[in-house]
Amino acid sequence: MIIGVLTGGGDAPGLNPTVRAVALTALSHGDEVVGFLDGWRGVQENHTISVDRAWAERILDEGGTNLGTSRTNPMKSEDTMNAVISNFQANKLDTLIAIGGDDTLSVAAELSRRGLPVVGVPKTMDNDVPETDYCIGFDTAVNTVTQSLDKLRTTSASHHRAMVVEVMGRDAGWVAGIGGVAGGADYILLPEVEPDLEDLYSHLETVRSRGKSYALIVVAEGVQLGQPQNLENAKTDAFGHVQLAQKNVGETLAGLIEERLGWETRSVVLGHLQRGGSPSAFDRVLGTRYGAAAVEMAHRGEFGQMVVIKGWQLQSVPLESIAGHTKTLDPSFIAQATRLL
Ligand code: F6P
């Protein structure tokens, strides 16, 4: 077979182990591997590299994606879709393995609708792709949040301050929720739950009255504080998503806490640090299993499908089934995690 592979959307640690597994599995089958550079842009503009064993072998522990990525959306016009289809054919691909989040996979689903043989692999540190327990990049991001909270605890405690930590997560609070609990946050605000600032203030008062002189508050970037902000002129990506960092939710919340409680409060935005660094052991194993499984799916002719993991089992689901859905945190976890202790 001739197998194409691309990584699209925001980068995440674990992409390189996934591409490595795609390549090594395919090459062991005697396949040829074509790497498309910078996500769908590489297919649209036919920017490719030939992936060999030596290239693939050495990328296991590297963060980011050595294929490059972009948020290119070829569905924006028929011309760009036609360019993608014609380059697909020009490279004589028997399949294209698209590794990405809901935006990247929505393009794969559209190509499948048009009869092209594609296979999807779920990647996003937000962990919000439906039908799978884990997306590539989530575990490493959670580790980064946990380590950051450990560091922020000592400086907050030394200065007897409250510290608001803004983490990524537009519609789902996986990173905020799991990272916040792992890092001992006193309070976590999630996009799934309308913020109750009175509850936050009263919990922080309780924390203080118990003799603790500092507090850690984790807030997901997608949390809406008060009135919806007018983001009409805000920058958006090719899929129409507003750049949430512009909302400054962490800084705003820190101001509100300081004003209301008279407790000196600082804020920090973890931002793209959450997407950097060497992939965790979990993300390396997940990416390796996903990448190898995607090639096996292609050899079985299971196209228009995405590989997923449920429990410890790999399965496949139709790409169609994820379109327009977001996997949010389980309500029982939300109820427990928002303020655990
Ligand atoms: O990849 C998803 C995501 O991490 C979101 O949580 C975040 O809002 C966005 O990427 C930031 O993207 P960019 O790298 O384009 O600023």
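Owing to the predicted nature of the structure, the values given are computational and were not obtained by experimental measurement. Values reported hereafter were calculated over all heavy atoms of this structure, with side chains retained and with hydrogens, waters and symmetry mates removed. Ligands are counted one by one from 1 in listed order, and the atoms in each one are counted from 1 as well.
Residues N127 and V175 are not in side-chain contact: their nearest non-hydrogen atoms beyond the backbone lie 4.5 Å or more apart.
Each of the atoms 4 (O) of ligand 1 lies under 4.0 Å from some heavy atom of M125. The ligand atoms of ligand 1 that sit less than 4.0 angstrom from a heavy atom of R71 are 1 (O), 9 (C), 10 (O), 11 (C), 12 (O), 13 (P), 14 (O), 15 (O). Listed by number with element, the atoms of ligand 1 under 4.0 angstrom from any heavy atom of H272 are 13 (P), 14 (O), 16 (O). Here is the list of ligand 1 atoms found below 4.0 Å of a heavy atom in G169: 6 (O). Annotation for ligand 1: atoms under 4.0 Å from non-hydrogen atoms of E221 are 5 (C), 6 (O), 7 (C), 8 (O). The atoms of ligand 1 that sit less than 4.0 Å from any heavy atom of R170 are 8 (O).
Residues passing the side-chain hydrogen bond (donor to acceptor under 3.5 Å, both in side chains) test with K92, sequence neighbours excluded: none.
Residue contacts with ligand 1 include D126, since one or more of its heavy atoms lies under 4.0 Å from the ligand. Remark: distances from the non-hydrogen atoms of G9 to ligand 1 are all 4.0 Å or more. Not a single heavy atom of Q274 sits closer than 4.0 Å to an atom of ligand 1.
Linking ILVMFWY residues whenever their side-chain heavy atoms come closer than 4.5 Å, directly or via other members, places I3 and I59 in the same cluster.
When all heavy atoms of G250 and V164 are compared, the pair lying nearest together is O-CG1, 3.6 Å. Of all heavy-atom pairs between N87 and V43, the closest is ND2-O, 2.6 Å.
Among the atoms of K123, none of the N or O lies under 3.5 angstrom from an N or O of ligand 1.
Enclosure of atom OH in Y134 is not indicated, since only 12 or fewer non-hydrogen atoms of other residues, nucleotides or ligands lie within 6.0 angstrom. Heavy atoms from other residues, nucleotides or ligands lying under 6.0 Å from CD of Q315 number more than 12.
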